[in-house]
Protein chains: 2
Amino acid sequence: MVFMATMKDVAREAGVALGSVSRVINHAPGVKQKTIDKVNAAIKKLNYVPDEYARGLKVKSSKTVALILPSIWNLFFAEFAYYVEKYLAEKNYKLLLCNYSNNPKAEQHYIKMAKQNKIDAIICITYDDLDKYFYAGIPLVSIDRYFEQKISYVTSENYEGGRLAAEELLKHGVKHPAFIGTYNHNPSDVMKRHKGFAEYLSEQGYEFADVYLLEPVTKEKEETELFKLLDKNPEIDGIFCNTDSLLLDVKNWLAQREISVPEQIQLIGYDGIKPDFNSELGISTIRQPLPEMAKCAVEMVIEKVEQHRDEQRIERFPVSYIEGNTTKNI
Amino acid sequence: MVFMATMKDVAREAGVALGSVSRVINHAPGVKQKTIDKVNAAIKKLNYVPDEYARGLKVKSSKTVALILPSIWNLFFAEFAYYVEKYLAEKNYKLLLCNYSNNPKAEQHYIKMAKQNKIDAIICITYDDLDKYFYAGIPLVSIDRYFEQKISYVTSENYEGGRLAAEELLKHGVKHPAFIGTYNHNPSDVMKRHKGFAEYLSEQGYEFADVYLLEPVTKEKEETELFKLLDKNPEIDGIFCNTDSLLLDVKNWLAQREISVPEQIQLIGYDGIKPDFNSELGISTIRQPLPEMAKCAVEMVIEKVEQHRDEQRIERFPVSYIEGNTTKNI
DNA sequence: CTGAAAGCGCTTACAG
DNA sequence: CTGAAAGCGCTTACAG
């Protein structure tokens, strides 16, 4: 490692005391301009960078937030993480990445890690119990979750999204709609997709076939259940998939049985995942405004950290329908 | 924040000196078993977790590696990052995520951040100049890169992969192959895909149409060039795309012009991206063994950190062809 | 407005 | 084998 100047070196070079250097670095009020200039000159000359670990030890903060999610290997989470890192960086925070599903005893592990590393806050997407993080006293913002406890979260208009999916399916000529998706033991805002879908159809006088499975569930199970449903209801001509990931799987399963999409069965997903900034997967889906949601999550969490606000805050973002090639042209 | 016991509390509780607590925590040799037991009991009782920042200040290490890449929002990078985090966690290292393309003056920024935060090492995927990281004295492992300097990297058998793509295209009945892709100013191992592709075809007595563009390049440019090529060579019936991301775009562009894949034009990509553990995108591609590559990168980088090895090491992993629906059944 | 000093929670020679 | 002590590089009352 190369020589690294310390604050002491800067103080000596500038001919001032240690405290003054610290004050100019932290933009403390009431420092003479001349002192500021001397210190800044010395900093430049010595190529000084403050040591975050020494600072962290003193002020008990690390300027980092942990992003805890099932797996970064997922386009929805990856896009979200991309924007979270972006907005955190703008606020001078760092992002520690934690893949939840990597870790056998994850909760334990990450709580310990958070304490150990002075993690300032957590942004987290998980459908397990989060009480422990909460009780550990670390500010936390969740995605999509609905809690008994007063945890803040950001989510999309899941109910409206469900309705929209139903509406679009009908608009595209579907006569026998179906739903496929999973849900968790803990109540989650995501469940409203199902509710909105069901209610819209019922209002329009439609019935629908339903595969709604409790997690944890394997892909094999999902596939089996889907085909059971299809065998029982061969007239099905449109399916709303809970998430785009699931839509991708459903599309593959149907292809294996040589059922063509969208000719025989039309598909609408939820999330609006994209492989890149301006690339498209080409699927029909209900898009969540991920950049805005990430920005909001970052703002909420930083507000909690810096202003010690701990009321529950819930932000819900509007969704929109994106036409792709898994529905028919109309 | 909840009360947090310090090492001093543990020492008092256990009735030993501070140093002894430190020794048992760090598994220093030559501590009496009885002392170990007393200390461990106190740790348990007080629910003590060591403070990484105090430790880091002392030993000048943070047990974290920065992963620097263009953007986590990309299935190839996301899968890679997933495994990197996994293997780092197993070795008790943490992952700081840095999206390169977020940041205007990224190099500057991340070097400063690395120094500031005692980053132990960097794993990095970038096609810009890395000299600066290197000169900053921080151990670094790169992906895919070929450097003048002695930087270690892991990559796949790009040359063989290029040959394999050509071979598979011909095997699937393609008579008029083409290539599309981009390259960077700095030499990179990735360029061998093009070379392997070209050489195999030439050996087999084939010509091929070529769109090989120097980065930075926009998607619009890629699309325009592709259609220029197709207009000039309407007989093209198979294209090797440099990366799977590009294949996805090409597929969309062809669809817009109502050129059917694989009936009119067959497509083979490179990378083997998947949306999830056991999901598939269904494209035909040359798969890189990402989990193994990530594991190797982690091992290389930790070896550099812990054993202060700084020789250049290059690891090259074999690739395989995956049959999808962008090539014809044979 | 700025010095001098204490202290954050660890690790690690140095004695013994 | 283990105490006592110095010190890592900062921040922040406290004087002046």
Side-chain angles (χ1 to χ4, degrees), chain A residues 1-40 42-43 46-63 92 112-120, chain B residues 1-40 42-43 46-63 92 112-120:
Chain A
M1 199 55 163
V2 122
F3 162 76
M4 285 186 46
T6 76
M7 194 174 263
K8 215 154 106 189
D9 299 321
V10 175
R12 190 185 313 117
E13 175 72 31
V16 301
L18 213 55
S20 296
V21 177
S22 176
R23 285 177 199 112
V24 349
I25 285 176
N26 297 300
H27 305 103
V31 182
K32 239 191 340 193
Q33 186 58 45
K34 200 169 156 203
T35 307
I36 297 183
D37 294 340
K38 280 193 294 185
V39 169
N40 281 139
I43 287 176
L46 298 179
N47 215 274
Y48 169 70
V49 244
D51 182 319
E52 277 298 313
Y53 270 57
R55 184 185 171 281
L57 176 60
K58 203 58 192 146
V59 305
K60 294 171 184 334
S61 133
S62 63
K63 285 281 200 181
N92 255 300
K112 184 172 170 192
M113 190 215 61
K115 287 169 73 178
Q116 197 152 229
N117 293 285
K118 302 185 189 303
I119 294 300
D120 293 324
Chain B
M1 199 52 164
V2 124
F3 162 76
M4 285 187 47
T6 76
M7 196 174 263
K8 216 156 105 188
D9 299 321
V10 175
R12 193 185 311 117
E13 175 71 31
V16 301
L18 212 56
S20 296
V21 177
S22 176
R23 285 177 201 113
V24 350
I25 284 177
N26 295 301
H27 305 103
V31 182
K32 238 193 335 192
Q33 186 59 44
K34 201 169 154 203
T35 307
I36 298 182
D37 294 341
K38 281 193 294 185
V39 169
N40 280 139
I43 288 176
L46 298 179
N47 215 273
Y48 169 71
V49 244
D51 182 319
E52 277 298 313
Y53 270 57
R55 184 185 170 281
L57 177 59
K58 204 54 194 153
V59 306
K60 294 170 183 336
S61 134
S62 62
K63 284 280 199 182
N92 256 299
K112 184 173 171 192
M113 190 214 60
K115 285 170 74 176
Q116 197 151 229
N117 294 285
K118 302 186 187 304
I119 295 300
D120 293 325

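Labels below follow one simple rule: chain letters A, B, ... track the order of the sequence lines, proteins then strands, and each chain is numbered from 1.
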Output a table of nitrogen or oxygen pairs between the protein and nucleotides 13-16 of chain D separated by less than 3.5 Å.
residue: D:dA13; atom: N6; partner: A:Arg23; partner atom: NH2; Å: 3.0

Can you check nucleotides 8-10 of chain D for protein contacts, nitrogen or oxygen pairs under 3.5 Å, and list what you find?
residue: D:dC8; atom: O3'; partner: B:Lys60; partner atom: NZ; Å: 3.1
residue: D:dG9; atom: OP1; partner: B:Lys60; partner atom: NZ; Å: 3.3
residue: D:dG9; atom: N2; partner: A:Ala54; partner atom: O; Å: 3.4
residue: D:dC10; atom: OP1; partner: A:Tyr48; partner atom: OH; Å: 2.8
residue: D:dC10; atom: OP1; partner: A:Asp51; partner atom: N; Å: 3.4
residue: D:dC10; atom: OP2; partner: A:Met7; partner atom: N; Å: 2.8
residue: D:dC10; atom: O5'; partner: A:Tyr48; partner atom: OH; Å: 3.2

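Residue contacts for A:Val16: at a heavy-atom cut-off of 4.0 Å it reaches the sugar-phosphate backbone alone, with no base atom in range.
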Going through the checks in order, is the side chain to side chain contact (heavy atoms under 4.5 Å, CB included) test met by B:Asn117 and B:Ser62? CA-CA 7 Å; B:Asn117 294 285; B:Ser62 62; over 6 Å; no

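Mapping A:Gly15 and B:Val21 onto DNA chain C by nearest heavy atom places A:Gly15 closer to the 5' end of the strand.
The list of side-chain hydrogen bond (donor to acceptor under 3.5 Å, both in side chains) pairs with a residue in residues 47-60 of chain B, not counting sequence neighbours, reads A:Lys118-B:Asp51. Applying the salt bridge (Lys or Arg N to Asp or Glu O under 4.0 Å) test to every pair with at least one member in residues 12-21 of chain A, sequence neighbours left out, gives these pairs: A:Asp9-A:Arg12, A:Glu13-A:Lys45.
Residues meeting the side-chain contact (heavy atoms from CB on, under 4.5 Å) test with B:Ala14, sequence neighbours left out: B:Val16, B:Lys38, B:Val39, B:Ala42. Under the rule for a side chain to side chain donor-acceptor pair (under 3.5 Å), B:Thr35 has no partner lying at least two apart in sequence or in another chain. Under the side chain to side chain donor-acceptor pair (under 3.5 Å) criterion, B:Gln116 pairs with no residue, sequence neighbours left out.
Listed nucleotides C:dG3, D:dT11, D:dT2 differ in distance to A:Val59; the shortest reach to its side chain belongs to D:dT11.
Here the closest heavy-atom approach between residue B:Asp120 and residue B:Lys63 is recorded as OD2-N, 2.6 Å. What you find for A:Ala54 and B:Leu57 is that their closest heavy atoms are CB-CD1, 3.7 Å.
Taking side-chain N and O atoms only, B:Ser20 has a distance below 4.0 Å to OP1 or OP2 of D:dG3.
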Here DNA chain D, pairs taken as Watson-Crick or G-U under 3.5 Å and shown with ( ), [ ] when crossing and | when to another strand, reads |||.||||||||.|||

Report, one line per pair, each donor and acceptor closer than 3.5 Å where one atom sits in a side chain of residues 17-34 of chain A; sequence neighbours left out.
residue: A:Ser22; atom: OG; partner: A:Asn26; partner atom: ND2; Å: 3.4
residue: A:Asn26; atom: ND2; partner: A:Ser22; partner atom: O; Å: 2.9
residue: A:Gln33; atom: NE2; partner: A:Asp37; partner atom: OD1; Å: 2.9

